Amino acid sequence: MVHRLALDVREANFAYAKPFRIAGHVFTQSPVVEVSLSDGLHIGRGEGGGVFYLNDDVATMTAAIESVREALERGLSRAALQEALPPGGGRNALDCALWELEAKASGVPVWKLAGLPPPRPLRTTFTLGADDPAVMARGAVETFPEARALKLKLTGDLDLDVARVEAVRVARPGCWIGVDANQGYGIADLPALVRAMMRLDISLIEQPLARGREADLDGFTSQIPIAADESVLGLADVEAMPGRFDVVNIKLDKCGGLTEALAMARRARALGLGVMVGNMMGTSLATAPAYLVGQYCDVVDLDGPTFLAADRQPGIVYSDGDIECGDAVWGHLAA
């Protein structure tokens, strides 16, 4: 007889150290769903933060998880989970819990189960929320003095956005900088944005146009790589990216877990696209699986836990502009 798994689902809320602003939104906290799956000897854990612009909130994630409780407790596999639930934060939490449970039960860490080499520290971007240019410049120096890479949030106001980027560039002349418009621009203003960003030595422009306006990029040429975030939710979206975007930003809450995220990274590479990994904020428990995806990536944006007033412990370590996930955080035998 197969031993039944026990599923535990909890809601938690992690306050930000200070408000964080992007185009159209200000965030002050990170509500999450955390799950654990136990086989009686081992426990696998996962965290889902959902996707705010898809209305994938705590209630939606919890309902999704509960809808497959019976199947999970009877031993639903990771492969079957992909069919049982759509992409989203609920599936992400469960998928990651299944990965960790398998790692502990088999005595093999998740990175090895996933066919990855031993994880190495990764250079990560640190994100400055949209604010007054002087405030952003000060944050680039005082809040993230060790950062080697910065990502700046824009709001779609071209003149103000250029002033923001210019102020940070003056403050951090040697730093890698990318910008994220979070769907704030239209195609008519994109040429001017690209020209300004070229002048300021910006290395990446993320999601300038609204999801659904991807066809506006047909025939558009940019000397700066353009990354898709909201425009590429899961594996099915990757096929339409070449010719419109240069880079795909993979987030586990969007695609529904580590299983699909790894498939996205491999498919994007096969299509000649650059690969980026990000997060929907969250704690180190959510960041740790994304750190494994980051081993494939050209750009790593995994600074979510740094925005929290208090993270889980043990947590991700940030040092000298890099991120490193220790064995006790998630996915290892010691966890």
Side-chain angles (χ1 to χ4, degrees), residues 16-28 30 121-185 189-208 222-227 229 246-247 249 274 276-279 281 287 294 297-309 311 316-324:
Y16 289 4
K18 60 182 179 180
F20 180 74
R21 183 185 178 202
I22 68 171
H25 297 273
V26 177
F27 301 95
T28 60
S30 186
L122 301 170
R123 178 65 40 83
T124 183
T125 65
F126 292 85
T127 305
L128 287 162
D131 210 324
D132 179 82
V135 172
M136 293 179 71
R138 187 163 60 249
V141 174
E142 297 177 1
T143 306
F144 301 122
E146 293 189 345
R148 309 293 184 86
L150 291 169
K151 188 168 88 167
L152 314 184
K153 292 290 189 178
L154 309 182
T155 59
D157 181 329
L158 181 61
D159 291 341
L160 180 55
D161 283 341
V162 172
R164 287 165 167 148
V165 179
E166 191 163 30
V168 174
R169 174 52 77 202
V170 169
R172 297 295 301 272
C175 196
W176 184 101
I177 297 178
V179 298
D180 183 3
N182 283 115
Q183 311 181 74
Y185 280 83
D189 290 321
L190 191 53
L193 178 67
V194 171
R195 287 194 298 270
M197 296 304 100
M198 288 182 62
R199 175 173 62 83
L200 295 168
D201 191 27
I202 299 309
S203 298
L204 188 73
I205 298 174
E206 186 178 345
Q207 196 65 43
S222 173
Q223 291 87 347
I224 299 175
I226 297 179
D229 181 2
D246 307 291
V247 179
N249 187 355
M276 177 178 179
V277 65
N279 51 229
M281 297 304 196
T287 306
C297 292
D298 308 292
V299 180
V300 174
D301 178 28
L302 295 179
D303 60 342
T306 68
F307 289 90
L308 303 178
D311 188 16
I316 297 285
V317 174
Y318 294 89
S319 177
D320 196 29
D322 291 348
I323 178 176
E324 186 168 11

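Source: prediction; values computed, not measured.
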Arg148 and Asp320 ion-paired at < 4.0 Å: yes
Distance in Å, Leu302 CG paired with Thr287 OG1, rounded so as to fall on 0.5 Å steps: 6.0 Å
Reported CD-to-CG distance for the pair Gln183 and Asp180, which is rounded to 0.5 angstrom: 9.5 Å
Step-by-step side-chain contact (heavy atoms from CB on, under 4.5 Å) determination, Thr125 to Met276: CA-CA 11 Å; Thr125 65; Met276 177 178 179; 5.6 Å; no
Heavy-atom closest contact (Val168 atom, Ala140 atom, distance): CG1-CB, 3.9 Å
Euclidean distance, Asp298 CG relative to Ser203 OG, rounded to 0.5 Å: 12.0 Å
Note, Phe27 side chain near Met281 side chain (heavy atom, < 4.5 Å): no
Qualifying ring pair (Phe, Tyr, Trp, His ring centres under 6.0 Å) pairs with a residue from residues 142-176, counting only residues at least two apart or across chains: Phe126-Phe144
Pairwise side-chain contact, Val299 with Glu206, heavy-atom cut-off 4.5 Å (strictly under): no
Atom pair CG/OG1 of Asp301 and Thr127 - distance to nearest 0.5 Å: 4.5 Å
Residues in side-chain contact (heavy atoms from CB on, under 4.5 Å) contact with Val170, at least two apart in sequence or another chain: none
Residue pair Leu150 / Ala147: nearest heavy atoms and the distance that separates them: CD2-CB, 3.9 Å
Atom pair CD1/CE of Ile224 and Met197 - distance to nearest 0.5 Å: 7.0 Å
Short side-chain donor-acceptor distance under 3.5 Å, Thr124 and Asp303: no
Heavy-atom closest pair, residues Ala181 and Pro208: CB-CA, 3.7 Å
Minimum-distance pair of heavy atoms, taken over all atoms of Ala196 and Val162: CB-CG2, 3.6 Å
Short side-chain to backbone donor-acceptor contact, Asp246 and Ile226, under 3.5 Å: yes
side-chain contact (heavy atoms from CB on, under 4.5 Å) between Asn249 and Gln207, intermediate numbers included: CA-CA 9 Å; Asn249 187 355; Gln207 196 65 43; over 6 Å; no
Ala167 versus Ala137, closest heavy-atom pair with distance: O-CB, 3.6 Å
Val141 and Arg172, any side-chain heavy atoms less than 4.5 Å apart: yes
Heavy-atom pair of closest approach, residues Leu122 and Gly294: CD1-C, 3.6 Å
Straight-line distance of Asp131 CG to Met136 CE, nearest 0.5 Å: 7.5 Å
Sidechain-backbone polar pair: Arg169 side chain, Asp201 backbone, donor-acceptor under 3.5 Å: yes
Beyond-backbone contact of Leu158 with Leu193, side-chain heavy atoms, under 4.5 angstrom: yes
side-chain contact (heavy atoms from CB on, under 4.5 Å) between Val179 and Val165, intermediate numbers included: CA-CA 8 Å; Val179 298; Val165 179; 3.8 Å; yes
From CA spacing to verdict: side-chain contact (heavy atoms from CB on, under 4.5 Å), Asp161, Thr155: CA-CA 7 Å; Asp161 283 341; Thr155 59; 3.5 Å; yes
